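Worksheet: one structure, shown below.
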Amino acid sequence: MKVRDSGMPEQTYWESLFNIDGVLDDLQVDPRIHDAVEVGCGYGTFTLSVAARISGTLHSFDIEPEMIAITQARATTSAIPNLQLSLRDVIADGFGLPAGSVDALFLFNILHAENPVGLLRAGAELVRPGGRVLAIHWRSDIPTPRGPDLSIRPRPEQIATWADSVGLRPESSRLLPPWHFGLVLYR
Ligand SMILES: C[S@@+](CC[C@H](N)C(=O)[O-])C[C@H]1O[C@@H](n2cnc3c(N)ncnc32)[C@H](O)[C@@H]1O
């Protein structure tokens, strides 16, 4: 099932809304991460940089064939060898990877899902002990140019409570200018 309100605006506009390296620096996305998983590659906005930073394989999923095709074309152009893209409904079908097999799970702009706790529970199973679930989302405390409706937009404290309920240990949230916040959730 496609996550509600997860359609994308035009690519250039979408990518003008993030400081991609700033987000990844702040979340310490670096070669200490070996294998990782991303839910919803979209245009590959973060995918390509994440793959370039980590030392293992990035498994990235999307439910939309067009998003997989766009991201694959960009990865090919940039000669990124460690990206495994798959067309998959991760809500319905899970990750298809062994439990505890990755260092990090990226949940970027996706936790407004119908069942965020289910997604976090699946993530907690996937990540190895000591590994991290990295979540970012649109802020609710300021007006933002995009983002899901405020009624379904998760706030940092909400994500921390959900995480806690599935055995993930949340760090305090941080601001990721211009429009986002980020949370690191430890397994
Ligand atoms: C709001 S976009 C965010 C994309 C990317 N994470 C980013 O921040 O640039 C959400 C993406 O998740 C994908 N998606 C939605 N439901 C999904 C599902 N059930 N399984 C896999 N991907 C899904 C959408 O197709 C879309 O590309």
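Note that this is a predicted model, so its numbers are computed, not measured. One is the number of the first residue; the rest follow in order along the sequence. Just so you know, ligand 1 is whichever comes first in the structure, and atom 1 is the first atom listed for that ligand. The analysis underlying the following values was restricted to heavy atoms, covering all of them including side chains, and did not include hydrogens, waters or symmetry mates.
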Original post:
Taking the six-membered ring for Trp, is the centroid-to-centroid distance between Phe95 and His59 below 6.0 Å?
Top reply: no
Minimal heavy-atom distance between Arg153 and Pro148, with the atoms involved, is NE-O, 2.9 Å
With heavy atoms and a 4.0 Å threshold, my read on which part of Tyr43 contacts ligand 1 is neither
Closest to atom 15 (C) of ligand 1 among protein heavy atoms sits Ser6 OG, 3.3 Å
Is there a heavy atom of Arg88 sitting under 4.0 angstrom from any atom of ligand 1? yes
Expected output: side-chain Asp62 to main-chain Gly42 donor-acceptor under 3.5 Å = yes
For this session: Return yes when atom CD of Glu10 has more than 12 non-hydrogen atoms of other residues, nucleotides or ligands closer than 6.0 Å, and no otherwise.
Result: yes
Atom 2 (S) of ligand 1: closest protein heavy atom, distance to 0.1 Å, is Met8 SD, 3.1 Å
Ligand 1 to Ile91, heavy atom cutoff 4.0 Å, flagged ligand atoms 19 (N)
Taking only non-hydrogen atoms of Gly42 and a 4.0 Å limit, the atoms of ligand 1 in range are 4 (C), 27 (O)
The atoms of ligand 1 lying under 4.0 Å from a heavy atom of Met67, numbered in the order shown, are 27 (O)
Practice prompt. On the 0 to 90° scale, with breaks at 30° and 60°, tag the His180-Trp138 ring pair as parallel, tilted or perpendicular.
Written response: tilted
Requested in this report: Determine, stepwise, if the pair Asp26 / Arg174 fulfils salt bridge (charged side-chain N to carboxylate O under 4.0 Å, His left out).
Outcome: CA-CA 9 Å; Asp26 196 291; Arg174 71 277 313 275; 2.5 Å; yes
Heavy atoms of Pro98 and Leu126 approach each other most closely as O-CD1, 3.8 Å
With a 6.0 Å cut-off on ring centres, are His137 and His112 close enough? yes
Of all protein heavy atoms, the one nearest atom 1 (C) of ligand 1 is Asn109 O, 3.6 Å
Note: Thr45, heavy atoms under 4.0 Å from ligand 1, region reported as side chain
Does ligand 1 come near enough to Val3 that some N or O of the ligand is less than 3.5 Å from an N or O of the residue?
yes
When distances are taken from atom 17 (C) of ligand 1, the protein heavy atom at minimum range is Ile63 CG2, 3.6 Å
Nearest non-hydrogen protein atom to atom 20 (N) of ligand 1, with distance, is Val90 N, 3.1 Å
Practice problem: Could you tell me whether some N/O pair between Trp14 and ligand 1 is separated by less than 3.5 angstrom? | Solution: yes
With Phe106 as partner, the option from Val29, Ile136, Thr47 fulfilling side-chain contact (heavy atoms from CB on, under 4.5 Å) is Val29
The closest protein heavy-atom partner of atom 27 (O) of ligand 1 is Asp62 OD2, 2.7 Å
**OP:** Give the intermediate values and the outcome of side-chain contact (heavy atoms from CB on, under 4.5 Å) for residues Arg139 and Trp179.
**Re:** CA-CA 6 Å; Arg139 289 173 62 180; Trp179 310 114; 5.9 Å; no
the protein heavy atom lying closest to atom 6 (N) of ligand 1 turns out to be Gly40 O, 2.7 Å
(request) Output yes when the distance from some N or O of ligand 1 to some N or O of Phe108 is under 3.5 Å, and no in every other case. (result) yes
Output for pair (Cys41 SG, Ile70 CD1), nearest 0.5 Å, gives 9.0 Å
So for Lys2 against ligand 1, with non-hydrogen atoms under 4.0 Å, the contacting part is both
Counting heavy atoms under 4.0 Å, the part of Ile110 that contacts ligand 1 is side chain
